[in-house]
Amino acid sequence: MDRGDSAILDALQGILPEQTLDLLQDHLQNPQTFLQALWRQTVLVTNKLSTVLSPLFAPLLARALQALHDSPDIVVLGFVLAAFVLVIQLIVWVHRTMMYVTRLAFRMLGWALVFALLAVVWRRGPEATIRDIVVFISKLAGYATLIKDIWLSEYKKFDAQTKRGGGAGAGQRTPSGGYSRSRNGW
């Protein structure tokens, strides 16, 4: 390889141990290694390929560059489309990152709740935990019953108001169930 490899090894001088640097130098810079032979062969094939294909592609490339030079609108449109694609990719990346973090946070919250419940059961014992759950469910059922009673009483008031006409006019029913729009639009 070239001098760039030696510069990289010099930069790694204080980071890697001496044995590792010697091993890298023996295997990267020794001209007899497989890596060096593969590098030389790749460079040789690439040079031959560019020598053979350059007469074929040079006129096509020249025509394409001339067409771009003659119509700069295409270049501007290409840059605008490239910027648009870049922005869309950035937005998609941010969205995926946010979704990942949100999903991770909710999973952690779920597991934290499971561990908290296990800790409560462990701390208070199964009998006290079951008693607490029964008390909590009974209070929740009482609250739900209170909400149901309030809702039913309000529904009955509404139903009675709509059956007697509820201010919609002289005894006429409105198709909107007792509610009508005011005359000024609000």
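One is the number of the first residue; the rest follow in order along the sequence.
- Clustering of Ile, Leu, Val, Met, Phe, Trp and Tyr side chains at separations under 4.5 Å places Y100 together with V101, L104, M108.
- The hydrophobic cluster around L61 extends to L65, counting ILVMFWY residues whose side-chain heavy atoms fall within less than 4.5 Å of a member.
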**Request:** Evaluate the criterion side-chain contact (heavy atoms from CB on, under 4.5 Å) for residue pair L12 and T20; output intermediate values, then yes/no.
**Result:** CA-CA 10 Å; L12 293 175; T20 307; over 6 Å; no
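- With a 4.5 Å cut-off between side-chain heavy atoms of Ile, Leu, Val, Met, Phe, Trp and Tyr, the cluster of L86 takes in none.
- Under the side-chain hydrogen bond (donor to acceptor under 3.5 Å, both in side chains) criterion, the residue pairs touching residues 61-80 are Q66-D70, with sequence neighbours excluded.
- In this view, F106 and T102, L109 satisfy the side chain to side chain contact (heavy atoms under 4.5 Å, CB included) rule, not counting sequence neighbours.
- The same ILVMFWY cluster, assembled from side-chain heavy atoms under 4.5 Å apart, contains both L90 and M98.
- Cluster annotation: L60 and L53 are assigned to the same hydrophobic cluster (Ile/Leu/Val/Met/Phe/Trp/Tyr, side-chain heavy-atom contacts under 4.5 Å, transitive).
- Shown here are the side chain to side chain contact (heavy atoms under 4.5 Å, CB included) partners of I137, two or more places apart in sequence or in another chain: I133.
- The structure places CG of D26 at 9.5 Å from OG1 of T33, a figure rounded to the nearest 0.5 Å.
- Residues L81 and V87 do not share a hydrophobic cluster, defined by chaining ILVMFWY side chains whose heavy atoms lie under 4.5 Å apart.
- Ring geometry for Y155 against W151 counts as parallel: the plane angle stays under 30°, on a 0 to 90° scale with 60° as the upper cut.
- F79 and V85 end up in different hydrophobic clusters when Ile, Leu, Val, Met, Phe, Trp and Tyr side chains are linked at under 4.5 Å.
- For L38, the side chain to side chain contact (heavy atoms under 4.5 Å, CB included) partners at least two apart in sequence or on another chain are F34, T42.
- By the salt bridge (Lys or Arg N to Asp or Glu O under 4.0 Å) test, K148 pairs with no residue at all, sequence neighbours left out.
- Q161 places none of its side-chain heavy atoms less than 4.5 Å from the side chain of K156.
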Tabulate below the donor-acceptor pairs under 3.5 Å that side-chain atoms of residues 111-126 make, not counting sequence neighbours, or state none.
residue	atom	partner	partner atom	Å
R124	NE	D132	OD2	2.8
R124	NH2	D132	OD1	3.4
R124	NH2	D132	OD2	2.9

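- Residues passing the side chain to side chain contact (heavy atoms under 4.5 Å, CB included) test with R40, sequence neighbours excluded: P31, Q36, A37.
- The distance from atom CD of E127 to atom CZ of R131, rounded to the nearest 0.5 Å, is 8.5 Å.
- Taking Ile, Leu, Val, Met, Phe, Trp and Tyr as hydrophobic and joining them when side-chain heavy atoms fall under 4.5 Å apart, one finds I88 in a cluster with F84, V92.
- Residues passing the ring pair (Phe, Tyr, Trp, His ring centres under 6.0 Å) test with W93, sequence neighbours excluded: none.
- Taking all atoms of both residues into account, the shortest heavy-atom contact from T51 to N47 is OG1-O, 2.7 Å.
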